[in-house]
There are 2 protein chains.
Amino acid sequence: MRAQLAQVAFELFCREGFDKVTLDDLAAAAGVSRSTFLRYFGTKEDAVLGAFDGHDRRVADALRARPADEDEWTALRHALDTVIERYHQDPAAALATTRLVRETPALCARHLEKQHRWRPALAEALAERSGSAEAPTLGQSVRAAAALDCLYVALDHWLASEGRLDLVGLLDDAFAALAPR
Amino acid sequence: MRAQLAQVAFELFCREGFDKVTLDDLAAAAGVSRSTFLRYFGTKEDAVLGAFDGHDRRVADALRARPADEDEWTALRHALDTVIERYHQDPAAALATTRLVRETPALCARHLEKQHRWRPALAEALAERSGSAEAPTLGQSVRAAAALDCLYVALDHWLASEGRLDLVGLLDDAFAALAPR
DNA sequence: CCAGAAATGAAACTGAGTGTCACACTAGTA
DNA sequence: TACTAGTGTGACACTCAGTTTCATTTCTGG
């Protein structure tokens with residue numbers, strides 16, 4: 001049900017533009033009431049961004065699963081493969097979603113906000129990996145944040161190339177541009 | 001005028017909580033109409049975050065002013081002194097503002113959005129510095145973004161310490177945690 | 001003093017998000 | 001079969017942010 005609503009909403013957003021579509025339009029197009037739609041997605045944006053829910057935990061888990069002797073930067077790079085996977089499975093859909101999000105200020109902002117919440121999760125995973133302390137160090141927080149930036153910038157370039165460039169390569173390049181010594 | 005409105009708004013937000021204060025409250029407290037308030041600040045959030053307007057250009061200019069032979073990471077670090085300055089001039093006010101912003105989801109999100117827009121500006125400044133190309137390279141974009149993360153994380157720790165830790169030192173540590181080789 | 005520009009205020013309007021209540025449609029139980 | 005509790009749904013009223021329009025005041029230069 002949730003998935004169906006999201007699908008209808010996505011198509012409508014792409015066709016009409018996110019801002020032109022009202023909650024009433026969405027509800028009508030999906031054949032449910034406004035109330036119901038809002039019960040599934042707390043906000044209009046969530047109808048699109050709900051797809052990213054749980055990614056933070058998945059990446060953090062992937063990070064914890066990396067060998068303990070791997071350096072943090074490399075571990076972070078590999079943990080992000082969890083996210084990249086999605087873009088390999090259905091590149092066309094991923095491209096369309098990414099484009100919609102980046103082209104719509106409201107969606108872009110919310111997505112940024114959501115992705116920003118991954119940082120503490122990743123930093124904590126790094127802290128656990130390093131064993132010693134409970135709280136992440138400043139360095140671990142910074143590296144977690146930087147890794148997410150790499151993902152963001154890589155996606156930027158991938159989007160600009162209409163999906164023609166290799167996302168894995170772009171991400172590798174981004175990480176290389178910042179490899180800590 | 002703008003400054004006075006912002007001041008009134010800030011005090012009200014601190015006392016009552018950002019979400020509890022409506023536009024009507026603000027207008028009444030400032031002795032102007034709702035319309036006028038909204039003409040000065042397009043949104044409630046801007047009454048607080050307007051203080052950060054123009055920072056992007058200032059930092060970018062500072063970056064362009066760095067010696068051409070300085071490596072990008074060092075230049076970025078020094079360019080951020082432009083921002084840090086504000087926190088040295090009036091630490092108490094800066095602490096209060098930062099706390100309000102970080103404690104209020106809506107403000108935090110908008111601030112993130114605003115700060116995010118600094119990235120292209122910094123990346124372009126890096127591109128100009130490097131002379132050759134017009135558009136920033138992927139690496140330059142990543143480093144610009146990472147530098148902003150360093151600022152963010154350093155402020156996080158500074159805030160957690162109630163302003164007792166040295167912000168310059170924290171920022172140096174953050175940059176050191178990510179120094180490219 | 002006056003004409004035009006700029007700032008202000010009033011009010012109606014759209015649309016997002018919240019909260020409440022009532023109604024249906026189940027599924028388990030006696 | 002009748003009862004009941006849980007769950008999904010719709011209808012509706014409400015608050016509030018932000019936009020737009022228009023009238024009115026206040027400044028400012030001539």
Side-chain angles (χ1 to χ4, degrees), chain A residues 1-53 97 100-101 103-114 116-117, chain B residues 1-53 97 100-101 103-114 116-117:
Chain A
M1 182 66 189
R2 223 182 113 93
Q4 284 170 25
L5 290 183
Q7 184 61 30
V8 171
F10 179 72
E11 282 164 15
L12 209 49
F13 288 152
C14 286
R15 199 163 58 241
E16 313 279 343
F18 183 82
D19 300 315
K20 305 280 181 194
V21 181
T22 71
L23 284 172
D24 287 309
D25 294 337
L26 286 174
V32 298
S33 74
R34 215 176 68 108
S35 309
T36 299
F37 191 91
L38 278 172
R39 218 171 272 121
Y40 277 99
F41 307 103
T43 67
K44 239 171 67 167
E45 288 90 346
D46 260 9
V48 177
L49 302 177
F52 297 88
D53 279 344
T97 306
L100 178 65
V101 171
E103 277 175 0
T104 310
L107 281 174
C108 195
R110 290 266 189 174
H111 182 242
L112 215 61
E113 194 184 343
K114 221 164 190 168
H116 183 75
R117 263 178 256 134
Chain B
M1 184 68 189
R2 221 183 115 94
Q4 285 170 26
L5 290 183
Q7 184 60 30
V8 170
F10 180 73
E11 281 163 16
L12 209 50
F13 288 152
C14 284
R15 200 163 60 241
E16 314 279 344
F18 183 83
D19 300 314
K20 305 281 180 193
V21 181
T22 71
L23 285 173
D24 287 310
D25 295 337
L26 286 174
V32 298
S33 74
R34 215 177 69 107
S35 309
T36 299
F37 191 92
L38 278 171
R39 218 171 271 120
Y40 277 99
F41 307 104
T43 66
K44 240 172 64 166
E45 289 88 348
D46 259 9
V48 177
L49 302 178
F52 297 88
D53 278 344
T97 305
L100 178 65
V101 171
E103 276 174 358
T104 309
L107 281 174
C108 195
R110 290 265 189 172
H111 182 240
L112 215 61
E113 195 184 342
K114 221 161 190 170
H116 182 75
R117 264 177 255 133

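Here is how names work: the chains are called A, B, and so on, in the same order as the sequence lines, proteins then strands, and each is numbered from 1.
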(message) Regarding R110(B), tell me which of base, sugar-phosphate or nothing describes its non-hydrogen contacts under 4.0 Å with the strands shown.
(response) sugar-phosphate
(request) Measure from CE on M1(A) to P on dT26(C) and round the result to the nearest Å. (result) 15 Å
(request) Mind calculating the distance between CG (L107(A)) and P (dA16(C)) to the nearest angstrom? (result) 13 Å
(message) Rounding to an integer number of Å, can you tell me how far L23(B) CG sits from dT15(D) C1'?
(response) 12 Å
(message) Does R34(B) contact dG18(D) through a side-chain donor or acceptor facing the base, at a distance under 3.5 Å?
(response) yes
(message) Restricting to non-hydrogen atoms, name the atom on F41(A) and the atom on D46(A) that form the minimum distance, rounded to 0.1 Å.
(response) CD2-O, 3.5 Å
(request) Round to a whole Å and report the spacing from CZ of F37(A) to P of dA11(D). (result) 16 Å
(request) Output the single nucleotide from dT18(C), dA11(D), dA12(C) whose closest atom is nearest the side chain of L38(A). (result) dT18(C)
(message) From CG of D24(A) over to P of dA16(C), roughly how many Å is that when rounded to an integer?
(response) 7 Å
(request) Find the distance between CD (E113(A)) and CZ (R110(B)) and round it off to the nearest 0.5 Å. (result) 10.5 Å
(message) What I want to find out is whether D53(A) reaches K114(A) closely enough, with some N-O distance under 4.0 Å, to be called a salt bridge.
(response) yes
(request) Would you mind reading off the distance between L26(B) atom CG and dA17(D) atom P, rounded to a whole angstrom? (result) 8 Å
(request) Inspect the contact between K44(A) and D25(A) and indicate whether a charged nitrogen and a carboxylate oxygen are less than 4.0 angstrom apart. (result) no
(request) Remember a base hit wins even if backbone is also touched, and classify F41(B) as base, sugar-phosphate or nothing at under 4.0 Å, heavy atoms. (result) nothing
(request) Nearest-nucleotide wise, let me know which of R39(A) and D19(A) is further upstream toward the 5' end of DNA chain C. (result) D19(A)
(request) Calculate the interatomic distance between K20(A) atom NZ and dT19(D) atom P; express it in whole Å. (result) 14 Å
(message) If you only use heavy atoms from C-beta on, which nucleotide in dA17(D), dA16(C), dG8(D) is closest to the side chain of K44(B)?
(response) dA17(D)
(request) Please tell me which of the listed nucleotides, dG15(C), dG10(D), dA17(D), lies nearest to the side chain of T22(A)? (result) dG15(C)
(message) Please confirm whether the shortest side-chain N or O distance from Y40(B) to OP1 or OP2 of dA7(C) is below 4.0 Å.
(response) no
(request) Please tell me which of the listed nucleotides, dG18(D), dG17(C), dG10(D), lies nearest to the side chain of T36(A)? (result) dG10(D)
(request) Flag the pair V101(A) / L49(A) as yes when at least one side-chain heavy-atom distance between them is below 4.5 Å, and no otherwise. (result) yes
(request) Check every strand shown and say whether S35(A) touches a base, only sugar-phosphate, or nothing at a heavy-atom separation below 4.0 Å. (result) base
